[in-house]
Amino acid sequence: MTDTRSVSPRSLADPFYYLANFQQVLDWVGASHGDLLDAAERAFLERFSLLPRASRALLVRMVMRKGSLFRSGRLSYGEIGCPLRAATPLIELGWVDDAPRLVLEELFDLLTRIEITQAFGLPASLTKRALLAHLRPGHEEARCLADWCPQLGERALLLRVDGMCERLRLMFFGNLRQDWSEFVLADLGIHRYERVAFSRESKAFHSRWEVDAYLHLHGCRERFEAGETVSDVLVDIPTAPYANAWLESRRGQLLLRLARQFEREGKLSEALRLYAGNRHPGARERVIRVLERCGQPEAAFELAMSAADAAESEEESQQLERILPRLRRTLGLEAPARRKAAAFEQLDLLLPRSEDPVELAVLRQLSRPDAPVHYVENALIGSLFGLLCWEALFAPLPGAFFHPFHGAPADLGRADFLARRADLFERCLGLLDRDGHVRAIHHAFREKHGLRSPFVAWELLDEALLTRALACIPGVHLRLFFERILRDIPANRSGLPDLIQFWPAERRYRMIEVKGPGDRLQDNQRRWLDYAVAHGLPVAVCHVRWSEEGPG
């Protein structure tokens, strides 16, 4: 087993700290994913460590910067020295091209506006866009930087292994959201991570095609976000579902976004086709809505009734409760008895207008020495959950942790997250039944303080608030909160009321959702309020109106 802190943090006083971090990734990927590498990638790992240190450092500096095209004069680092000298071994290996031919747009990316005007003898008052439009006719041919701007005395350096390095980064982190800055943030102590023991066999990818599929979907998403048409992107997305549930979820999420764009463009038949073949949560509801918009209320009603019998989530149930009455009216069907709305406590306040958030205005109005109010939103209940269930959340299960920078298990949002840890969570929640949770939460607060967690808001929580909350919120209520969070973590970790008020002498509390003038309850907030009322959890909704006093 390998401890994720077995390697001591490297001091940033070492000017080559980034090189050591990059080498750690290469070593890790070579050891844990060696069977997924092709010949070129294996050769890269072998040859990299044999290069002169300055050459290795220059390559890493380029990899860690944005883009793949650089000016030699902008790669000046004291610890590296002359960038062109350091680049020579990289050029010989074909990892860097020192004479790439640049089209005009690429040249503009490398030069400042003033440099462009000086190079082409144009007025300095022109914008870069105007300069490009002026120069484009007659400058269609690609040239080397030295040919475009000989007066600069520089070369352009094109990184040719950036795609390979992105693949290696993905294999290390299991995602492309995290990057090389994770090492620096950890070394500086800005991010601190839980120690989780795991084996070399615990990794994000188990076959090369999984890595390929991830990168392919990521590229499709980037093209869509860059403005490429849905139809063009759609051509390159596999039509058949992936056997890998994680990758299929990513494919389904992307298809959902593309279908929504078709809807916005009024291409309802195209949207319907995408939705109908998508098993991702939310797609079925969109099918119903698009069928309705397409003038097919019978088909929409049939699917809605089928969905109501086996809703995929509370969110879908909530949406169907709105859709079905409308469809019944359209079809001339008798409406069933409406479900009675949850009767939660209502507070109405008339307050002087304030420049502060309305939640703080209500806090000041309601808070008393014997009944203090705290602005917590989702953070307090979530933090108590994260502290009590720390052991379950950071259990070293296969595929949950596989590198030193996990602030949460990799499978946190997946459908089988709870099932894989059911016994662990029940053991944690069982402490609530015998008041063992108070000691366990205080212990976790002290022992884990500052470590990254998907639930614990360290900036909000202090010993006083923790003690007050545990004294006033009964264990049976905490179990109800926590069980609902676990039922659907992505959906239910948010939507909790803004404020919480304690009566320490009476050992009770009340949660308060605040709504300013014109503000309405969001769907996830309504679901939490309905749940709270159904289970006897004390909640209230405070509606605020501004008086004529005060600024504004």
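Taking Phe502 as the reference, His374 meet the ring-ring contact (aromatic ring centres under 6.0 Å, His included) condition, with sequence neighbours excluded. With sequence neighbours excluded, the residues forming a ring-ring contact (aromatic ring centres under 6.0 Å, His included) with His477 are Tyr509, listed by chain and number. The side chain to side chain contact (heavy atoms under 4.5 Å, CB included) test applied to Glu210 returns Phe205, His206, Ser207, Asn244, Leu247, not counting sequence neighbours. Residues passing the salt bridge (Lys or Arg N to Asp or Glu O under 4.0 Å) test with Arg439, sequence neighbours excluded: none. Contacts of Arg520 classified as salt bridge (Lys or Arg N to Asp or Glu O under 4.0 Å), with partners at least two apart in sequence or in another chain: none. Every side-chain hydrogen bond (donor to acceptor under 3.5 Å, both in side chains) that Gln501 has, sequence neighbours left out, goes to Arg510. With sequence neighbours left out, Phe402 forms a ring-ring contact (aromatic ring centres under 6.0 Å, His included) with His406. For Lys448, the salt bridge (Lys or Arg N to Asp or Glu O under 4.0 Å) partners are Glu194, not counting sequence neighbours. Residues meeting the ring-ring contact (aromatic ring centres under 6.0 Å, His included) test with Tyr275, sequence neighbours left out: none. Residues satisfying the side chain to side chain contact (heavy atoms under 4.5 Å, CB included) test with His216, not counting sequence neighbours, are Cys220, Asp236, Pro238.
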Atom pairs and distances, side-chain donor-acceptor, residues 378-386, under 3.5 Å, sequence neighbours left out:
{"residue": "Asn378", "atom": "OD1", "partner": "Gly495", "partner atom": "N", "Å": "2.9"}
{"residue": "Asn378", "atom": "OD1", "partner": "Leu496", "partner atom": "N", "Å": "2.8"}
{"residue": "Ser383", "atom": "OG", "partner": "Ala379", "partner atom": "O", "Å": "2.6"}
{"residue": "Ser383", "atom": "OG", "partner": "Ala457", "partner atom": "N", "Å": "2.9"}

Which donor-acceptor pairs under 3.5 Å do the side chains of residues 422-430 make with protein atoms, sequence neighbours left out?
{"residue": "Glu426", "atom": "OE2", "partner": "Arg479", "partner atom": "NH2", "Å": "3.1"}
{"residue": "Arg427", "atom": "NH2", "partner": "Glu391", "partner atom": "OE2", "Å": "2.5"}

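Between Glu248 and Arg250 no salt bridge is recorded (no basic side-chain N to carboxylate O distance below 4.0 Å).
The structure places CD of Glu263 at 9.0 Å from CZ of Arg289, a figure rounded to the nearest 0.5 Å.
Here the shortest heavy-atom pairing between Pro15 and Tyr18 reads O-CE2, 3.0 Å.
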